[in-house]
Amino acid sequence: MTNNSVSAPPVGGFQELDGRRVFVHRLGSGGPAVVFLPGAGAAGLDYSAVQQGVSRFRTAVVYDRGGSGYSDPVPLPRTAAEVATELHELLLAQDLAAPYILVAHSLGGAYAHRFAQLYPGEVAGMVWVDGFHPDWQDFLAITDQPLRSDLVALADELRAGPELPDVPLIALTAGFTEGMRRMAEAVVSAVSSGEHRVVAGAGHHQLCVTRPDVVVQAIRDVIDRAARP
């Protein structure tokens, strides 16, 4: 979905932050709230099937970061800290109390990672859905094409920050490519309660659409583990 500040979303609404509108849609009730961080080229409503499933047992929040989906444009590129701070301000403005369960898809993993670095006490658990890792270019062996400068900058920013907080984390991998498997395993190895699950019959971009049941179960499992003493 491309940005169009004139269009009205079919559900949800806008939260004003610093004079601009950020799209947000909430379902369900109860904490910790589950917050979805979209991948590149995706919008919050692309995760509707998973959001509806999670809303049966927790507050589930989808949104569009500035410059994407229904949210107002912002100057690009942005640092991961800028995106994470925007999300933090949105959650506060929506009166959603911390801690949160962050569900990060693809590039959303970079922003979830930075959020957790900046606000470690406000993260109860994480679900990585084929999520970004700072060492992505090594895991995916990307050596025969120019590297995107924005992704390199994001990776450098994350590597310069602290380690992820030690919270329950489940990483889901679509398919079983060696590079994606190794990247997921690196994420889960960073915490003491990490698990990697491979999801058959789903592509990277469609995992949350074709297998929402798997994503919802991972979220439920992380919430259960976060509640343990």
Side-chain angles (χ1 to χ4, degrees), residues 1-28 33-56 58-94 96 100-116 126-132 136 148 150-151 154 171-172 174 199 202-216 218-219:
M1 180 186 297
T2 58
N3 179 270
N4 184 340
S5 60
V6 177
S7 298
V11 294
F14 295 104
Q15 177 68 57
E16 185 167 315
L17 297 177
D18 298 326
R20 57 185 176 81
R21 302 179 309 166
V22 175
F23 168 75
V24 60
H25 178 46
R26 298 168 54 171
L27 289 175
V34 178
V35 183
F36 294 84
L37 289 82
L45 293 181
D46 292 336
Y47 305 87
S48 291
V50 181
Q51 182 191 28
Q52 290 173 19
V54 172
S55 71
R56 297 187 178 98
R58 286 296 187 279
T59 301
V61 183
V62 298
Y63 88 111
D64 295 334
R65 55 183 170 265
S68 69
Y70 288 102
S71 292
D72 285 345
V74 294
L76 299 175
R78 305 171 80 192
T79 65
E82 288 173 321
V83 176
T85 300
E86 173 190 72
L87 175 57
H88 189 252
E89 292 174 351
L90 173 66
L91 297 174
L92 292 178
Q94 288 282 307
L96 288 163
Y100 314 106
I101 303 295
L102 303 182
V103 183
H105 175 222
S106 193
L107 183 62
Y111 305 126
H113 192 142
R114 195 68 177 119
F115 187 103
M126 310 177 83
V127 176
W128 231 250
V129 186
D130 262 356
F132 182 88
W136 62 278
R148 286 177 49 183
D150 56 335
L151 295 184
L154 284 178
L172 303 176
V199 185
H204 172 76
H205 297 290
Q206 296 80 30
L207 199 157
C208 290
V209 176
T210 58
R211 295 302 309 273
D213 57 319
V214 173
V215 183
V216 170
I219 294 168

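The first residue in the sequence is number 1, and the count goes up from there.
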Would you indicate whether the side-chain heavy atoms of [Y] and [X] approach each other to under 4.5 Å?
| X | Y | result |
| --- | --- | --- |
| Thr59 | Val61 | yes |
| Val127 | Leu102 | no |
| Tyr100 | Leu91 | yes |
| Val103 | Leu37 | no |

Listed by chain and number, what are the side-chain contact (heavy atoms from CB on, under 4.5 Å) partners of [X], not counting sequence neighbours?
| X | result |
| --- | --- |
| Ala81 | Thr79, Arg114, Leu118, Glu157 |
| Ser106 | His204 |
| Ala116 | Val123, Met126, Leu164, Pro165 |

Taking every non-hydrogen atom, the tightest pair across [X] and [Y]:
| X | Y | result |
| --- | --- | --- |
| Tyr63 | Glu86 | CE1-OE1, 4.1 Å |
| Trp128 | Gly109 | CZ2-O, 3.4 Å |
| Ala49 | Cys208 | CB-O, 4.4 Å |
| Ala80 | Ala110 | CB-O, 4.3 Å |

* Salt-bridge contact Arg20-Asp18 (side-chain N to carboxylate O under 4.0 Å) ->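 No, no charged N to carboxylate O under 4.0 Å.
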* To do: Please say which of Ile219, Val50, Val129, Val199 ends up in a side-chain contact (heavy atoms from CB on, under 4.5 Å) with Val214.
  =>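 Of all the options given, the one that passes is Val199.
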Could you tell me whether a side-chain N or O of [X] sits under 3.5 Å from a main-chain N or O of [Y], the two making a donor and an acceptor?
| X | Y | result |
| --- | --- | --- |
| Gln51 | His25 | yes |
| Asp64 | Ala43 | no |
| Arg26 | Gln94 | yes |

* Do His105 and Tyr47 have side-chain atoms, one donor and one acceptor, less than 3.5 Å apart? ->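 The criterion, which ignores hydrogens and geometry beyond distance, is satisfied for Tyr47 and His105.
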